[in-house]
2 protein chains.
Amino acid sequence: MANDTRTRMIEATALLLRQRGYHGTSLNDILSASGAPRGSLYFHFPGGKDQLVIEVTRDSVDKVSRWLGEELAAEKDPAVAVHHIYQSVARMLEDNQFTLGCPIAPLVLDSPADVPELAELCRSAFEQWIGLLQAAFVRAGVPERRARALALLVESSLEGLMVIARASRDRAPVLAVADEVAALIESALPAKEVAAVQ
Amino acid sequence: MANDTRTRMIEATALLLRQRGYHGTSLNDILSASGAPRGSLYFHFPGGKDQLVIEVTRDSVDKVSRWLGEELAAEKDPAVAVHHIYQSVARMLEDNQFTLGCPIAPLVLDSPADVPELAELCRSAFEQWIGLLQAAFVRAGVPERRARALALLVESSLEGLMVIARASRDRAPVLAVADEVAALIESALPAKEVAAVQ
DNA sequence: TATAGTATATAGATCAGTCTATATATTCCG
DNA sequence: CGGAATATATAGACTGATCTATATACTATA
């Protein structure tokens, strides 16, 4: 198949970046993980490592954004949806034995400063995800400003939890925060009209 | 002075690690930043890069733990103390133009898996910081279990915010979450005894 | 036989780490 | 005090491995 090798390289790179970051992932790692020879990499990605990383990250961000949007749309109550999101993250961490985390955080912390396109990609990734969360809270009746603070709290705690859980190889922190945050969001929603009003 | 070079190497390494992580920081970077020759590094740190990174990280963790303990002890109301901590983090990020973050997170995300001592150091760092926060909440009357969830929320959101703020080069997210979290902690404290009881 | 894609050899820089040589304190002993 | 012996530290060349990247050869298939 035409772009089969290309696809394998992208998938292998995505995993390695989440595992070890930019500098921790060498082209040799990528080549041996994808089983492709050196020449193919520069055929499919003439821009070398940076182009590959940028394309991979763009893909990863899109995937997460799509998933996040679906999760938030699937539940009417955003507190329930957010709780479910934390649980999914906990499951993801456990499934890969705490070797994988967010695709963006490692790049923010270790990617070279001379690739502005990558920096912009990281910035816009967080903006997108926070925007999706905020929009869900607004739809449920939370005022704009409060919704943004809650979205930031959710996104930041998830990012931090992926680091903490990886360090401690334990998903419990994720679940504990999930309950706390879900309750907070619930309390920020306008009171449900129970039975009879007045 | 005897260990002046050694100190300069430790300080340079501490900054570089926070900036670019383990693989992003080369010995050449460390040597040129500290102005020391190659031989001195292996004289002071016979164990090479790993030993240096471990010593630096141990130092960094101690510094943060001491600072965190002082911040929490200085205020009777832990909600006020926590709010102040977020503000300090925001100031730190701004002071270094969003080039520095937590000393641990980059190591968790990119340090080699074959240095168990470093992994253990990262694990215990988070444990310490979360423990300090939890203890402060318990002292203020919050039940053990709830105190732990709140401590995890604070620590994880701070970790995440340092990443998000660095990516967006903006301290506003930190301040927004600060208000939200401080209010949550305040609401978790036992009601203050106002004027007359009974 | 063109072209797209695969495969490999290798260039040149940089990596962590080792080596010997030298400089500068400190200690020992008269 | 004072010179030899020793410990401490600096200095930088050098090694082999690994890094990204390029150059060139090969193999399908149209």
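Naming: A, B, ... by sequence-line order, numbering from 1 per chain.
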Atom pairs under 3.5 Å, N or O on each side, protein against nucleotides 11-15 of chain D: can you list them with distances?
residue: dG12(D); atom: O6; partner: Gly39(B); partner atom: N; Å: 3.2

Problem - Bend angle of the helix from dT1(C)-dA30(D) to dG30(C)-dC1(D), from helix axes over five pairs at each end, nearest 10° - result: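 The angle, to the nearest 10 degrees, is 10°.
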Practice task
Can you run down the side-chain hydrogen bond (donor to acceptor under 3.5 Å, both in side chains) pairs that involve residues 164-178 of chain B, sequence neighbours left out, and say none if there aren't any?
Solution key: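 Listed by first then second residue: Glu94(B)-Arg171(B).
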Practice task
Can you run down the side-chain hydrogen bond (donor to acceptor under 3.5 Å, both in side chains) pairs that involve residues 153-162 of chain A, sequence neighbours left out, and say none if there aren't any?
Solution key: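 Only Tyr86(A)-Ser157(A) qualify under side-chain hydrogen bond (donor to acceptor under 3.5 Å, both in side chains).
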Handout entry: Contacts of Arg20(A) that satisfy side chain to side chain donor-acceptor pair (under 3.5 Å) - sequence neighbours left out
Key = Asp29(A)
Fill in the blank from the handout: Those residues at least two apart in sequence (or on a different chain) that pass side chain to side chain donor-acceptor pair (under 3.5 Å) with Glu75(B) are none
Practice task
Could you state the atom-to-atom distance from CG of Asp4(B) to P of dT8(D) in whole Å?
Solution key: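 These atoms are roughly 18 Å apart.
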For [X], give me all partners under side-chain contact (heavy atoms from CB on, under 4.5 Å), at least two apart in sequence or on another chain.
X         : value
Glu70(A)  : Arg66(A)
Pro112(B) : Tyr22(B), His23(B), Asp114(B), Val115(B)
Ala119(B) : none
Thr99(B)  : Gln19(B), Asn96(B)

Handout entry: salt bridge (charged side-chain N to carboxylate O under 4.0 Å, His left out) partners of residues 118-138 of chain A, not counting sequence neighbours, each pair once
Key = Glu120(A)-Arg123(A), Arg123(A)-Glu127(A)
Handout entry: Within residues 8-33 of chain A, residues whose heavy atoms come under 4.0 Å of DNA chain C
Key = none
